[in-house]
Amino acid sequence: MTIDDIAGALGVSKTTVSRAISGNGRIGAETRERVLEYIRCHNYRPNLVAKGLAKQRTYNIAVVWPGDYTSFDLPFFQRLLIGINSYLSERDYDIIIAVDVGNDYTSLKRIVDNRKCDGVILTRTLKRDKTIAYLQQEGIPFVTVGSCNDASVTQIDNDNRGACCELTQILLAKGYKRLVLIGGPSDQVVNEQRYEGFTDAYIRAGASPEEGLAYMDVVDDMHLHTVLSDIIKRHVDGIVCMDDYLAAQTLIKCHTDEIRIPEDIKLASFYDSSALRNSVPSITSIRFDDHALGEEAAKAILQKLDGCVPRNEKLRQYNVVLRESTQ
DNA sequence: CGAAGCTGAGAGGAAGATAG
DNA sequence: CTATCTTCCTCTCAGCTTCG
């Protein structure tokens, strides 16, 4: 059934049917109700492809998923994606996933070149982000989940710097002065912000982190193993991991080397994934509302498509959840 | 005469159908 | 084989009719 069929059945023009559905343009209340009643009785659904043709829209949003995500990052991405989808699906938009690694945007480019999406949501940002530069050059509306230095980019983000600072401050206040930070690729803005938060906490405590106790760019198990061996030799008070994969590997390494957590060394992480929430011991972590983060990103991209300039949201709040690993 | 209510025509992209 | 319609469905501009 099309609006033409409805128009024929009710003896009005298809324009009138269209106006009754959209609510745009002049139409009598009685005529409108007659059309809507007919639609209700006959389960009519407008053809979105035809609507897209008329409105020059695809009703798809591309979401860029970093292909190098680990299984421990997945819960974050899953919650984020569900948040994005719950907002978009209520407004007849769908998601297309583009899987790209680092600064390679081949997958996204194919989607954009084939005009399969109206806008793009990036789920992380890099310090020199070529994907952002590409989208700016192409003039494609986009928002980032994650911060970047370009103020013209609409950015939605958790307060990673503040969260890492507060977590570190809590550990310092407990008397754990020699803390180590382990982080992933430093070209990811999120990791840099967490590093800054870590050093902020020391500065606020009137101290500075011990030289060489921040291990960045830990990207594979071999490297992590070497780092952990080094850390254990240095007899530090605690380890702060920038993600749950690193924390999980640290747990395994400590168990193998018969180092007890929290008796011999404290351990804290990010993301609050269920694997570490329920591990023995349970791991102190940061809790963000990733679902709401996704909804906000989706809202912002639809605002951009409608020609609004969404204000750059303030950083989203968090909770530090203290558990057995830092007692 | 002007506002309200409505209609006709055409645009939009891609693929299939038809004419030359 | 190439070029030119035609079709799919919806939206919207421009314009028509009706009525107070």
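Below, chains carry the letters A, B, ... as their sequence lines are ordered, and counting in each starts from 1. Since we're looking at a predicted model, the values are computed, not measured.
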### Modelled atom types, side-chain donor and acceptor of Thr125(A) and Gln188(A), under 3.5 Å
no

### Message
What's Val12(A) touching, base or sugar-phosphate or nothing? Going by heavy atoms closer than 4.0 Å.
### Response
sugar-phosphate

### Message
Please report the distance, rounded to the nearest Å, between CG in Asp118(A) and C1' in dG13(B).
### Response
14 Å

### Task
Let me have a per-nucleotide readout for nucleotides 8-14 of chain C, 5' to 3', with B, S or -, counting only protein heavy atoms under 4.0 Å.
-BBBB-B

### Task
Would you please say whether a donor-acceptor pair under 3.5 Å links the side chains of Ser186(A) and Asn191(A)?
no

### Query
To the nearest Å, how far apart are Gln56(A) CD and dG10(B) C1'?
14 Å

### Query
Side-chain donor-acceptor pair under 3.5 Å between Tyr105(A) and Asp129(A), yes or no?
no

### Task
Kindly compute the distance separating CG (Asp217(A)) from CG (Asp187(A)), expressed to the nearest 0.5 Å.
7.0 Å

#### Entry: Distance-only side-chain donor-acceptor flag, Asp230(A) / Tyr215(A), under 3.5 Å
yes

### Query
Regarding Asn158(A) and Gln317(A), is there a side-chain donor-to-acceptor distance under 3.5 Å anywhere?
no

### Query
Is the closest side-chain donor-acceptor distance between Tyr318(A) and Glu166(A) under 3.5 Å?
yes

### Summary
From CG of Leu10(A) across to P of dT7(B) the rounded distance in Å is 11 Å

### d(NZ, Lys116(A); P, dA14(B)) in whole Å
12 Å

### Query
Under 3.5 Å, is there a donor-acceptor pair linking the side chains of Ser152(A) and Asp150(A)?
yes

### Query
Quantified as the angle between the terminal helix axes (five pairs each), what is the overall bend of the helix from dC1(B)-dG20(C) to dG20(B)-dC1(C) to 10 degrees?
60°

